[in-house]
Each structure stands twice: as C-alpha cells, then as structure tokens.
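Let me begin by presenting the structure, written as structure tokens, before commenting on it.
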There are 2 protein chains.
Amino acid sequence: MTEELPVRGRRTTLADVAARAGVSVPLVSIVMRDAPGASAATRERVRKAAEELGYRPDSRARMLRRSRTRLIGVVFGVQHPFHGDLVSGLYTAADAADYELALSAVTPGRDERRAVASLLQDRCEALILLGPALPTSELADLAARMPVIVVARPVRNRAVDVVRTDDAAGLHLAVDHLVDLGHTRIAHVDGGRAPGAAERRRGYREALDHHGLADQALIVPGGLTEDDGAAAARELIAARPTAVTVFNDRCATGVLDVLRREGVAVPGDMSVVGFDDSSLARLSHVALTTVAQDAGRITALAVARAVARLDGDAAADEREQVIPPHLVVRSTTAAPRADLAAAPARRVRTSSA
Amino acid sequence: MTEELPVRGRRTTLADVAARAGVSVPLVSIVMRDAPGASAATRERVRKAAEELGYRPDSRARMLRRSRTRLIGVVFGVQHPFHGDLVSGLYTAADAADYELALSAVTPGRDERRAVASLLQDRCEALILLGPALPTSELADLAARMPVIVVARPVRNRAVDVVRTDDAAGLHLAVDHLVDLGHTRIAHVDGGRAPGAAERRRGYREALDHHGLADQALIVPGGLTEDDGAAAARELIAARPTAVTVFNDRCATGVLDVLRREGVAVPGDMSVVGFDDSSLARLSHVALTTVAQDAGRITALAVARAVARLDGDAAADEREQVIPPHLVVRSTTAAPRADLAAAPARRVRTSSA
DNA sequence: GTGAAAGCGCTAACAA
DNA sequence: TTGTTAGCGCTTTCAC
C-alpha cells in the first residue's frame, strides 16, 4: 500500500528490487514471473521490495530477451464503429490466450501500409487486419513473413487466414424474413465496393431467386454512410418496393431518415432491414431490424487462429472461417399493407395521427 | 525492389545486414539512422543489403538501448466517435514531433486502469488521456511518475496538464446565435455527469443571464447517447421552448428524430443546436447546427505540451489550455415562427405538405 | 570513416 | 533454492 512512488527519472529495474531485497537479479525475475524456483520466504521479501519501489517490468526488455513476444498486431479503422466492437472482443480473446495486443490505427492521414509497418517494427508475431483495403498481393507478401488474419473481408488467397461473417447468408435471413411477412417486391441498397458488399448482393439475388422472385430484383446503388442511404432513399421513393434490405446500419439510418421525412411510413409503407446490429440499430427510437454479426465469436476465432499458426497447430486447417449471422427483428419490418402487397407502386402519404 | 522476403523464422538483424554488406554492425546502425559518420559509398552498399534482406529495425531493442523511447501513450475510448478524430490528430502531431504513439483502448471489458498499466509497461515517456474518468487523485499519482496530459476534461490539479475546449464559451456561441435569430425561450438538454457537461450547463446559464433571459432557463436531463436525447425530446415536446441547445451531437440526433416523428418541425417549430461537429452533424440529411471542437488544434497542443514537459521546456507555463470552439451553422436553426416567439406553449402539428 | 567493446533490462542455462 | 554467466538487437563511447 505504501507504494513510495519514485521520482520522475530513471526507471526502477530488477536490479533495484534485487538490491533492496538482498537477492540476485534472476531470482527477482523468477518471482515477478511467478516461475518455479524460489522459496516462499524469498518471494515474500522480493514482492515487498518491488511494491515499495513501485516496480513495473519493462515489457520491451522482456520481449527482447524472450524468443517470443506474445504480441499480436491489430490494424483497425478509427472511424468505423463496428471496429470498436471488434477491438473490444480481440482484447478479451487475447487476454484469455495470454497474448498482448498492439493497436495501430488507420486514419485519414495514416494509411494501412503505415499502420502495418509500425506493427512490424514492434515485432508482432501475427497480424489481425480489420476490413483491410490492401490489395491481395500485399496481404500475401505480408503472410509470407508472419501469420495474417483478415477479418470481415473475403480474400481469395491461401496464404492468409480469413474470419468473416457469412454475408450472403445474412441476406438470405433478411429476405426470408420479409417474404415470410408477405413481401414480394424487395429492393436492395448495396455497398458498392466496400468489403462484403459483393457477397451481400449475391445473397440478395440468390434469396430472391430461391423464392421465385428473381424478376423482382432491384438493386439501388448505396454505400457505407448515412448520406449514401439518404441518396438511395430518393430512388426507393420513386420505385416503391414494399421492403428493402440495406448494406449496413449506417446506410439504413440514412434511408430511414429520408423515407420518414418524405412521408413514407416505416414499416407501414416500407419495411427496412439493416446489417451489423451496430449501436445505431439498437437505439430505441430507431429500433432497426438488422442482421447481426457475431463480433465476440469472430474475434475469438481470429485470435485462436493466430495463436494456432504461431504454435504450429492446425497448419493444414481450413483457411477461411465463415460465421453465420443471425437476424434481430425490431420495429422496422412488418407485413406489407394489403393495398401495397400486390398493387403496383402508387404515391402514399400517411397522416401520423 | 527485389526484396527477397525472408522466410518466417528468425528476424533479420543488423548483424545480418552487416555481414551481407561486409561492414561492422555499428556502421549499419549509423546508416539506418541517417546519422553522420559513414561514407556515401558505404551508405549505398548498406542500404542495398538491408533492402535485399527486407530488414526492419527492431523498435524494442532500439528503445531499450536509447535512454529515450520517444513514445507517447494514448488512452482512448473505442466507442466514442470523437476520440477517433482526436486519435487521428494525435498521430499527425506526434509524427511531426518525431514521436511514436502507443494506443491503449478502453472497452466495456477493459477499464482505464488496465489501459494505463499496459502503457506503463511499454515505457511510454508521457501519457495523453482522452476524456478519462479516473479520479483526480489517481491522475495526480500518475503525474508524479511522468507527464500526464488530460484532453477534453477539466481537472483541478496542478500536477496534470489539461487541453480542452472552452465548453462554456461553446454554449455562449450557441445561445447568442439563437438569441440573434429571435429566440427567447431556449432550453438545454444536458450531459449529466459526462466530462464537460457541468461547464456546458454553466455556459448555458451564463449566456441566458447575459441576455436577461435567466428566468427562462430550462434544463432537461439528457446524456451522451441518442437514447438520452430521445427521452429528453419528450420533455421538450411538453415544455415547448422555441429552441434547444443539446449536450452533444449524438444526443441532439436523438432529440431531432423524436421531434420530427412527433410532428414538431425543425427548425420551423423548434431550433436545435448540437456540440462536437461530429460526422453525424455533417450528414447532409441531418445538417445539424453545432458547436465545433477544434480537434486538430487540441491534439497539436496536447502533443506539444507532452514534448515540452519531456524536454524540460515551459515547465512553469499554464497548466490548462482552453481552446475556443466555433459555431457551424447548418439547417436546424432558424428564426422562431411569429406565433411561437412570444406566445406560451401550445400543441402544434405540422402537415409536411 | 570504420571497428571493437560495453551495456540498456530482462530471462535462459547452468553451476553451486 | 540461489547466484553466475551469457546474450536478445540495438546504440554509444572510444580507439584506430
């Protein structure tokens, strides 16, 4: 308790603790690491000395000396809310596996290459990249040096491991749900060239096809942001499907906002389904029906895979792990109104009374 | 270009490069650091060897050897969008000052204490804490060990440096703007115990007072999230001010959404001002009038202060740097409707036609 | 301009 | 159980 905080200046080292406890340096090391090879009495004394000096081990020196650093590098986008969920999960998983995480952010002024380079200098043993935009060839080059786990982006290359949500299955869930409610004219606002967008488009088409609705397919160009959704909403208002699946929750929020402002009731006149189950979707006043990615499972698998590669296990395993999403039904989906279900598009304006 | 990527396994070291170039290890070190003391010819040869081997310096060994690590630790909240802007700015500023950043995230499962502890082990020379919730006493303890710069939270303790937006001034700007437009009944949705909330409340009161509107003050309990705003909106609908200043943009978004859904036109029936100028506010379909924090300036000053403390400069300077915000006028504020400006509250429902 | 020797803080291997 | 010796990859004297 009486941690006598050392003045700013030279750090307290093992040698300081050793001197104070009257033992050798390696013995202190043994005690600090809880390694076998010291008597209970010594441990006691050493711990006390360390506490009194406010000693903190130097992870750099430790990693330098050990052959292993037990350090996993993580590249994430500082703007992307879902990456926040993933980073949280990664910490938990790494902790359980007794690994440390080194975070490196991608920002408007710092690209992925720089983010990766700094992690290489830090001597990370493996890299976990969240939704990277790097070309496959560079990912493969990296993977030649160290285990690389790509999260939330499909990569066709056997050198890297991939953990991602089954995006196509997610759209099947969404479309099936809407069809169950009685919808037949279901549009899709896509994500352009964003990671996962192609799979979601494909899932949408497949699902419509599966229900014999292929000729009703309508794909509206969208994107990742609320603004993209807002723009897409204007097209939706013209085309008037009774339901729409949207690339992600942010985009869906933009859709919702414009729809409502233009007098199109949701879900009365149009049902909307998002993707991600981000905090946006959960907001009580938004209450967006959405496809949830299992961030906890994805991150656990990503770390597990990194650890397996490092330990040399499972080297022949499947390279890609595709995690099924699940549907979270909230308040933006409902059965189509009787007069809309079959009839062609018409202009509708609901009084909210 | 022909970077012959070494197989996974032992890292390439200075010794490898030295052997390949046919020189000694220290000489390679000199070349890699661009330090004086090597002939042009040697530099050329060494660089070539390093490139061919794909050599990357080991930052841990380097920091261990140098007395200085030139490493600044940053604690940020992975959920908070504004922290993303700040982290971006910090990277830029650190880069310019030739410092590295070590990021440590606060997540639902990882508290500030842990985040700080890991940075201490990494031998950071200074700590920048974004909106920390740690008690002042702990901040002071930390500051006894190393320079601590707190961003976006006022701290009454001479041991730590603080860089923050002038929250009170921000509310003056907002209220002045609304008064200029002709509003007299201006409410405030507050941020509860969030960092900065008290100052914003105070600024709101002061500004009203300054305009002789103190008796019109109405503070509605709010919070940081959209949901908090949604809840507050219900109270606003009952009280019917003609304008409202809201703790932050997220909360303001919740307010906006509920107001509009309940048929209260913005800015027709009620003007709304946010705080932060987050990406939310900038969205074209939201177009929120808001008080902008100068993230670039805040982060530049935070890094500059950390560097100054480390270099021993300016040790006697002011401990707290308060940055003036500025108002960004968008589309959620306008003059009050003639019948609302003076008249007491009444129920209004606008047809959007 | 270049190389040899020492040491940052720590841990692994061995000896006592 | 404990101490001694060596060395991780790098930078810093200090000779040559």
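Computed from a predicted model, the values in this text were never measured in an experiment.
A heavy-atom distance below 4.0 Å to DNA chain D is reached by these residues of residues 27-43 of chain A, ordered by number: Leu27(A), Gly37(A), Ala38(A), Ser39(A), Thr42(A).
Take Arg47(A) and apply the salt bridge (charged side-chain N to carboxylate O under 4.0 Å, His left out) test, not counting sequence neighbours, and it matches Asp34(A). Checked against side chain to side chain contact (heavy atoms under 4.5 Å, CB included), Arg114(B) has the following partners two or more places apart in sequence or in another chain: Asp95(A), Arg110(B), Asp111(B). Legend: residues meeting salt bridge (charged side-chain N to carboxylate O under 4.0 Å, His left out) with Asp122(B), ordered by chain and number and at least two apart, are absent. In terms of the side chain to side chain contact (heavy atoms under 4.5 Å, CB included) criterion, Arg156(B) has no residue partners (sequence neighbours excluded). Under the rule for a salt bridge (charged side-chain N to carboxylate O under 4.0 Å, His left out), Arg62(B) has no partner lying at least two apart in sequence or in another chain. Remark: Glu320(A) engages Arg164(A) in a salt bridge (charged side-chain N to carboxylate O under 4.0 Å, His left out) (not counting sequence neighbours). Remark: Ala40(B) pairs with no residue by the side chain to side chain contact (heavy atoms under 4.5 Å, CB included) rule, at least two apart or across chains.
Counting heavy atoms of neighbouring residues, nucleotides and ligands inside a 6.0 Å radius, atom CZ of Arg193(B) does not exceed 12 of them. For Glu44(B), the CD atom sits in a loose shell: 12 or fewer heavy atoms of surrounding residues, nucleotides or ligands are nearer than 6.0 Å. The number of heavy atoms from other shown groups lying within 6.0 Å of CD (Glu100(A)) does not exceed 12.
Taking the 5' to 3' direction, DNA chain C first and last meets chain A under 4.0 angstrom from a heavy atom at dG9(C) to dA12(C).
Axis angle across the helix from dG1(C)-dC16(D) to dA16(C)-dT1(D), with five pairs used at each end and values rounded to 10°: 40°.
Remark: side-chain polar atoms of Thr12(B) are not paired, donor with acceptor, to backbone N or O of Gly54(B) under 3.5 angstrom. Glu125(A) places a side-chain N or O within donor-acceptor distance of the main-chain N or O of Thr69(A), the cut-off being under 3.5 Å.
Contacts of Val25(A) with the nucleic acid, taken as non-hydrogen atoms under 4.0 Å apart, include base atoms.
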Measure all distances between protein nitrogen or oxygen atoms and nitrogen or oxygen atoms of nucleotides 13-16 of chain D, and list the pairs falling under 3.5 Å.
none

Under 3.5 Å, which N/O atoms of the protein pair with N/O atoms of nucleotides 6-9 of chain D?
| residue | atom | partner | partner atom | Å |
| --- | --- | --- | --- | --- |
| dG7(D) | N2 | Arg65(A) | NE | 2.1 |
| dG7(D) | N3 | Arg65(A) | NE | 3.0 |
| dC8(D) | O2 | Arg65(A) | N | 3.3 |
| dG9(D) | N2 | Ala61(B) | O | 3.4 |

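Atom OG1 of Thr107(A) is separated from atom CG of Leu86(B) by 12.0 Å, given to the nearest 0.5 angstrom. Of the inter-residue distances, the one linking Ile298(B) atom CD1 with Gln293(B) atom CD reads 5.0 Å to the nearest 0.5 angstrom.
Ion pairing of Arg11(B) with Asp58(B) is absent here, as no side-chain N (NZ or NE/NH1/NH2) approaches a carboxylate O to less than 4.0 Å.
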